[in-house]
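The figures here come from the full heavy-atom set of this structure, side chains too, leaving out hydrogens, waters and symmetry mates. Numbers restart at 1 for each chain; the letters A, B, ... are given by sequence-line order, proteins then strands.
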Protein chains: 2
Amino acid sequence: MTEKTTARPATRRGPYAKSAQRRAEIVASATAVFAARGYRGGSLREIAKQLDLSLTAVVHHFPSKDALLVAVLENADSANTDTFEADSRDKGVAYAVLRYVRRNLERQEMLRLLALMAAEASTPDHPAHEWFRDRYERVVSGLTTAVRRDQDEGRISNGRHPELIAAALVALWDGLQLQWLIDPRRDLVAGVSAGLEDLLGDPAIGSLQQ
Amino acid sequence: MTEKTTARPATRRGPYAKSAQRRAEIVASATAVFAARGYRGGSLREIAKQLDLSLTAVVHHFPSKDALLVAVLENADSANTDTFEADSRDKGVAYAVLRYVRRNLERQEMLRLLALMAAEASTPDHPAHEWFRDRYERVVSGLTTAVRRDQDEGRISNGRHPELIAAALVALWDGLQLQWLIDPRRDLVAGVSAGLEDLLGDPAIGSLQQ
DNA sequence: GTCTATACCCGGATAGAC
DNA sequence: GTCTATCCGGGTATAGAC
C-alpha cells in the first residue's frame, strides 16, 4: 500500500497532511480499544492491528502509550464542554448539570476511562498529570462563573462562595459517577438531582428530573 | 539468611504460624511499593526483593498480583472504619466525617491507591470488583444509619431520604479527595466542611473546623 | 508447606534498514 | 513513514529441592 508513484509532489503541500490523518485514525482506534479493554488492558499492538499497521508505526506518531492516551482524552473531552457552557448560561447550572449527566449515561466506558486516568494521573510524575490538573481547574472555574451568575439572577438560594459550591458540584458528580460505575443499579440521575437541590438550594430542580 | 536452626519445633504449633507472619510481611511490603509506585508501577519482583525473597515465594502466598492487592486494601481499610462508627454515634455525622478527613490527610499515598483501585476495579471482571462493590454498599448503608439517627435526634435539618444524603456524602468525599490528590494546594477540609453544611443542613459545623 | 530456578508469553521501548 | 528485529521487564505456570 501507499505506493510512492509521486515521490514528492511538485507543490510541497506540507509533508504532514497524511500524518495528521494517521494520527486521527490512531486516536480513534485507541479510543475504542481503551474504552473496551481499559487503559491497562488495551495494547498498542492491538490498536495497530485494528488499522493494519505495525506497532512501531503507531509509536512513530505517538512517542509513548501515555502520549497517545493524552490525545485520546483531549479528543473525547472537547465535545461535551461546549454544550454545557451554553446550557448553564441559558437555563442555569442545575439544568446544565442534569443534561450533562443524562447525556453521559450512554458513554459509560468513556467515563470509566476518564475516571481511571484521573486517579492514575494524580501523581505529579504521570504524563497526563498536568492535563488533568488544568482540566479540573478549567472545569471548576467555569462552573464557578456559572454559579455566581445563578446567584446574581436569583436562580439559587445558596449564597456561599461560588468556588466552594462549584468544587462540591464537581466532586458530587465524580463521586456519584464512581459509585454508579461500580454498581450500575444505582440511580445516578436521582442522586445527582438530590445533591443539586441541597448544594444549590433550589427546590424547583425536582421538576427537571422527570 | 533465615538459618533453619530448628527445622521443626517439637510442639507442632500449627504449620501456619510462619506463613501468617510471612503473609503479613508481604502485605506490608506490597503496601509500601504500591503506595510509592502505584499498582501498575509496582512489581512483585520489587516486593520480593525488599524482603530478600524470590518472586515465586511471594506468588506462593498470594496466587496472583490481584489477590495480593485485595489483601493490601483489606488491611489498609480496616483500621479507620471502627473509630468512624464510634464518632458518628457519639457526636454526629458531621464531626465523624471531619475527623475522618483530617486523619486521612497524612496518608495521602494510601488514599491515592484506594482511589486508583476503585476506578480500576469498577469493571465487573476486575479481581477486586466485588470487594469494592461490597465496600461502598457497606459504607453507604452504615452512613445511612448514622444520618437517620442524626435526623431523629434533631442534629441536622435536612429531612431527605437518609440513603440519598449518605451517598452524596460519600461522593463528596471521594470527589474532593480526588481533586486534592491531583492538586494538593486545594483545602480539603474547607471543601468538605462547606459541603457538609449544605448536604446536612447544619450551620453549626463551621465551629468544628477550627 | 515453603521456597528456588527456569522458562514462557506478552507488553512497551529502541535501533536501523527500506 | 513505515517496517523488521531486538531488548528488557512484567506476570504466570511448572518442576523440583528442602
Side-chain angles (χ1 to χ4, degrees), chain A residues 1-9 12-26 29-30 33-34 37-72 120 126-128, chain B residues 1-9 11-27 29-30 33-34 36-72 120 125-128:
Chain A
M1 44 216 72
T2 73
E3 315 172 10
K4 297 184 179 172
T5 48
T6 59
R8 285 222 181 173
R12 191 155 39 60
R13 268 279 291 292
Y16 304 111
K18 187 177 174 185
S19 185
Q21 194 199 339
R22 265 276 183 265
R23 284 177 61 94
E25 287 174 10
I26 292 173
S29 173
V33 170
F34 287 163
R37 303 216 197 290
Y39 178 64
R40 295 180 57 197
S43 74
L44 294 180
R45 284 174 172 89
E46 182 179 0
I47 294 167
K49 189 174 291 180
Q50 241 187 23
L51 276 75
D52 267 312
L53 283 178
S54 85
L55 163 67
T56 41
V58 173
V59 174
H60 173 257
H61 291 281
F62 297 93
S64 73
K65 191 182 183 184
D66 296 294
L68 175 55
L69 172 70
V70 171
V72 168
E120 206 175 288
H126 193 282
Chain B
M1 43 217 70
T2 71
E3 317 171 9
K4 298 184 179 172
T5 48
T6 59
R8 286 219 180 176
T11 58
R12 189 157 40 62
R13 269 279 292 291
Y16 304 111
K18 188 178 175 184
S19 183
Q21 194 200 339
R22 263 277 182 265
R23 283 178 62 95
E25 286 175 9
I26 292 172
V27 166
S29 173
V33 170
F34 288 162
R37 304 216 196 289
Y39 178 64
R40 295 179 55 197
S43 74
L44 293 179
R45 285 175 171 87
E46 183 179 359
I47 294 167
K49 189 174 293 181
Q50 240 186 27
L51 275 71
D52 268 312
L53 282 178
S54 86
L55 163 67
T56 40
V58 173
V59 174
H60 174 258
H61 291 280
F62 297 93
S64 72
K65 190 182 183 183
D66 297 293
L68 175 55
L69 172 69
V70 172
V72 168
E120 205 176 288
D125 62 325
H126 193 283

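- As rounded to whole Å, 12 Å separates atom P of C:dA5 from atom CG of B:Leu53.
- Between the CZ atom of B:Arg37 and the P atom of D:dG9 there is a distance of 13 Å, rounded to whole Å.
- Of all the heavy atoms in A:Ala71 and A:Phe62, the pair that sits closest is CB-CE2, 3.7 Å.
- For A:Arg37, the CZ atom is loosely surrounded, since the number of other residues' heavy atoms within 6.0 Å does not exceed 12.
- Contacts of A:Tyr39 classified as ring pair (Phe, Tyr, Trp, His ring centres under 6.0 Å), with partners at least two apart in sequence or in another chain: A:Phe34.
- Side chain of B:His60, nearest nucleotide from D:dG1, D:dC3, C:dC3: C:dC3.
- Per the geometry, CG belonging to B:Asp52 stands 16 Å off C1' belonging to C:dT2, to the nearest Å.
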Review item, nucleotides 9-13 of chain C N/O atoms under 3.5 Å of protein N/O:
| unit_1 | atom_1 | unit_2 | atom_2 | d |
| --- | --- | --- | --- | --- |
| C:dG12 | OP1 | A:Leu44 | N | 3.4 |
| C:dG12 | OP1 | A:Lys65 | NZ | 3.0 |
| C:dG12 | OP2 | A:Leu44 | N | 3.0 |
| C:dG12 | N7 | A:Arg45 | NH1 | 2.6 |
| C:dG12 | N7 | A:Arg45 | NH2 | 3.2 |
| C:dG12 | O6 | A:Arg45 | NH2 | 3.0 |
| C:dA13 | OP2 | A:Lys65 | N | 3.3 |

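- As a whole-Å value, the separation of A:Ile47 CD1 from D:dT2 P is 16 Å.
- Contact of the B:Arg45 side chain with the B:Val58 side chain is not registered, since no non-hydrogen atoms from C-beta on lie closer than 4.5 Å.
- The line from CD1 of A:Ile26 to CD1 of A:Ile47 is 8.5 Å long, rounded to the nearest 0.5 Å.
- Residue A:His61 has a polar side-chain atom (N or O) positioned under 4.0 Å from OP1 or OP2 of D:dT2.
- Distances shown here put every side-chain N or O of B:Arg22 at or beyond 4.0 Å from the OP1 or OP2 atom of C:dG1.
- Counting to the nearest Å, the P atom of D:dG1 and the CG atom of A:Leu51 are 16 Å from each other.
- Considering B:Glu46, B:Lys49, B:Gln50 as possible partners of B:Ser29, the one that fulfils the side-chain hydrogen bond (donor to acceptor under 3.5 Å, both in side chains) test is B:Gln50.
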